[in-house]
Protein chains: 2
Amino acid sequence: MKGKEGMTIGQAAASSGVPAKTIRFYEERGLVKPAERLANRYRAYDESNVQTLRFIRRARDLGFSLQEIDKLLALYRNRRRASEDVKRLALAHVCELDRKIAELTRIRDTLAELARRCHGDQRPECPILEDLERPRP
Amino acid sequence: MKGKEGMTIGQAAASSGVPAKTIRFYEERGLVKPAERLANRYRAYDESNVQTLRFIRRARDLGFSLQEIDKLLALYRNRRRASEDVKRLALAHVCELDRKIAELTRIRDTLAELARRCHGDQRPECPILEDLERPRP
DNA sequence: ATATGGCCTCCACCCACTGGAAGGTCAAGC
DNA sequence: GCTTGACCTTCCAGTGGGTGGAGGCCATAT
């Protein structure tokens, strides 16, 4: 396990923040290319692999899907990319986030209002259950 | 297929808004009790079953998990329930929604700011990719 | 010599469905 | 009476993004 840059999957995991199991999963999904193998069949990683893993980690934290990350990685690796293409991906994702936030907020407000109207005591009467059982148009 | 109230799964689906496949799935998961069967092995539903399905549908629309719905259904069926218990479930879910909304909003703002700083032209320079590749502490 | 811990593969499971294949049932139309 | 088509039945597989565990090899310290 020598070599200045060489790392096992566990070290790459610690260094990138992506769990070892997840790294294998990404490899299987084709998100990262299959790692080189040592003589003992252990996967070997270098700084550039770890860089890619960190990129993926950050993109996941920002809510991009693996499919979107695949596209982002392609742009990342392409020196002749147009920032326009990256921006389009990002803005599409912002739209999706706005949509989700709006929906969750709507649900949240509905439910908070129902809870506000519920006495929350020992009696069975409950506007929340009454809402749930009400037939909708 | 006689009987004033009797319905097939397709009619129950149309009447409740829960797809037939999903009704079978709920039965398998034990969320609803196994439907009666006709001589031809078709599932039979009545208004009360449809009412339960509508309840589930509405609760799903409000973002409750099947596990939470299981508890809500138990409270719904229990005439001696305390509205306190329903309210507690609802408020816990509101908290969870608030948490999710806050996280998505944080992500959304981060990404929108990165996109704002990106020229979005034909050149490769891109603050979004620069952010993604940046090592984190 | 063995105990620990890391690595390997493979399979199963999570959530909440959804799609599809293969086959049974029923009413209507010719 | 036979076909057609719309239902219904079961079972199996896949989605997304992993996580957990079994069973076994490898490396190092005691």
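Owing to the predicted nature of the structure, the values given are computational and were not obtained by experimental measurement. Here is the naming used below: chain letters follow the sequence lines, and residue numbers restart at 1 for every chain.
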- With sugar-phosphate meaning primed atoms plus P, OP1 and OP2, does F64(A) contact a base, only sugar-phosphate, or nothing at under 4.0 Å between heavy atoms? nothing
- Query: To the nearest angstrom, how far is Y42(B) atom OH from dA6(D) atom P?
  - Reply: 14 Å
- Phosphate OP1/OP2 of dC8(C) contacted by N40(A) side-chain N/O (<4.0 Å): no
- Message: What is the distance, to the nearest angstrom, from the CD1 atom on I9(B) to the P atom on dA6(D)?
- Response: 19 Å
- Let me know, please, whether A44(A) or Y26(B) comes out on the 5' side of the other along DNA chain C by nearest nucleotide. A44(A)
- Item | Separation of atom CZ in R24(A) from atom P in dT19(D), rounded to whole Å | 12 Å
- Message: Side-chain heavy atoms nearer than 4.5 Å, only ILVMFWY residues, links allowed to pass through others: does that put F64(B) and L104(A) together?
- Response: yes
- Of all the nucleotides listed (dA16(C), dA27(D), dC8(C)), which has the minimum atom distance to the side chain of R29(B)? dA16(C)
- Query: With respect to the phosphate group of dT9(D), does any side-chain polar atom (N or O) of R43(B) fall under 4.0 Å of OP1 or OP2?
  - Reply: yes
- Item | Closest nucleotide among dT19(D), dT9(D), dG24(C) to the P19(A) side chain | dT19(D)
- Item | Nearest-Å distance for atom pair CZ/C1', residues F25(B) and dG19(C) | 14 Å
- Query: Between the main-chain N or O of L132(A) and the side-chain N or O of R58(B), is there a donor-acceptor pair closer than 3.5 Å?
  - Reply: no
- Item | Minimum-distance nucleotide to R60(A) side chain [options: dC17(C), dG19(C), dG17(D)] | dG17(D)
- Message: Within a 6.0 Å radius of atom CZ on R80(A), are there more than 12 heavy atoms belonging to other residues, nucleotides or ligands?
- Response: no
- Message: side chain to side chain donor-acceptor pair (under 3.5 Å) for Q11(B) and Y45(B)? Distances and angles first, verdict last.
- Response: CA-CA 9 Å; Q11(B) 290 160 337; Y45(B) 296 89; over 6 Å; no
- Note on the structure: When G10(B) and K21(B) are each assigned the nearest nucleotide of DNA chain D, the 5'-most assignment goes to G10(B)
- Task: State whether R37(B) places a side-chain N or O below 4.0 Å from either non-bridging phosphate oxygen (OP1 or OP2) of dT10(D).
- Result: yes
- Query: Taking atom C1' of dG17(D) as reference, at what distance in whole Å does atom CG of L53(A) sit?
  - Reply: 15 Å
- Query: Looking at the side chain of T22(A), which of dT9(C), dT10(D), dG18(D) is the nearest nucleotide?
  - Reply: dG18(D)
- Query: How long is the span from the CZ atom in R116(A) to the CG atom in L91(B), to the nearest 0.5 Å?
  - Reply: 12.0 Å
- Can you tell me the distance, in whole Å, between the CD atom of E28(B) and the C1' atom of dC11(D)? 10 Å
- Note on the structure: Taking dT19(D), dC17(C), dC7(D) as options, the one with an atom nearest any side-chain atom of T8(B) is dC7(D)
- Query: Rounded to whole angstrom units, what separation is found between the CD1 atom of I69(A) and the P atom of dG16(D)?
  - Reply: 13 Å
- Closest to the side chain of L66(A), out of dG18(D), dC8(C), dA16(C), is dG18(D)
- Task: Would you tell me if any nitrogen or oxygen in the side chain of R41(B) comes within less than 4.0 Å of OP1 or OP2 on dC8(D)?
- Result: no
